Structure formats: C-alpha cells, structure tokens
Amino acid sequence: HLKYKFFCGSSFADIQTDTCADRQWCPSSSDDECLLPGHTCFANTPCDARTIANIQVPTYSLSQNPAYNTAEDKMFCGTSYPEALATCQAGGEQAIGRHCPDEA
C-alpha cells in the first residue's frame, strides 16, 4: 500500500502532515504526475491518499489481518476509507448486511 503515500513536493521535508490536503497524490510514483513546477514525487510521506477527502481512491479495502482467509473476508464497507477502517469487520455477506444495507 505504498502507493497511497506517494505525494508531490519541492522536497521531502516540504511535505508535512498539516499540508497533506494541499498536496498532489502521485500513485504511480512518476514525477510526471506532479503538475506544479519544481515538484517531484516522493515515497513514504506522512500523507495517506485514503484519508484525504479531496482525493479519489478505490472504494474497497483489503484487510491485512492474516486471520481472514478468503477474499470475502477482506472486503469491508464504508462511505470512505477512514469509515471502513473505523468499522471494519470480517464476513463477506455478513459485512454487507451490517455495513451496506443498500447493497444487500
């Protein structure tokens, strides 16, 4: 999940947690994605694209919990990544029933 931490800046030190919402995400780690002059793409920044409201990321999440054995156990529902993190529970169909009543 390193791609969520790739962000553009004039230097690594320039990218601080309190400036993440103003940063451009560069998920492929290419400097060509950085539109501001003098900005390059940096890895392992303090920013996380999944937690920034104005950045569109995939709406699914795969759990890192090794106790979940099937793909259905690794799918969680939420209106945003932070909500899914806060409410995640294993269980495929059960999770759909608990968290996504409109999807049932």
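Quick caveat: nothing in here was measured; it's all calculated off a predicted structure.
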For this session: Kindly give the heavy-atom pair with the smallest separation between Thr17 and Pro46, and that separation in Å.
Result: OG1-CB, 3.4 Å

Exercise. Which value, rounded to the nearest 0.5 Å, describes the distance between Asp48 atom CG and Cys20 atom SG?
Worked result: 8.5 Å

For this session: With sequence neighbours left out, write down each residue that passes side-chain hydrogen bond (donor to acceptor under 3.5 Å, both in side chains) with Asp14, or none if nothing qualifies.
Result: Ser10, Arg23

Show me the side-chain donor-acceptor pairs of residues 36-45 shorter than 3.5 Å, one per line, residues at least two apart or across chains.
from	atom 1	to	atom 2	distance (Å)
Thr45	OG1	Lys5	O	2.8
Thr45	OG1	Cys47	N	3.2

Exercise. Once you round to the nearest 0.5 Å, how far does SG of Cys26 lie from CZ of Phe6?
Worked result: 7.5 Å

Exercise. When rounded to the nearest 0.5 angstrom, what is the spacing between CD1 in Ile52 and CG in Asp22?
Worked result: 9.0 Å

Exercise. What distance separates Asp32 CG from Cys34 SG, expressed to the nearest 0.5 Å?
Worked result: 8.5 Å

Exercise. Got a sec, which residues hit side-chain hydrogen bond (donor to acceptor under 3.5 Å, both in side chains) with Ser28, two or more places apart in sequence or on another chain?
Worked result: Glu33

Exercise. Where do Tyr4 and Phe7 come nearest, in terms of heavy atoms and distance?
Worked result: O-CE1, 3.3 Å

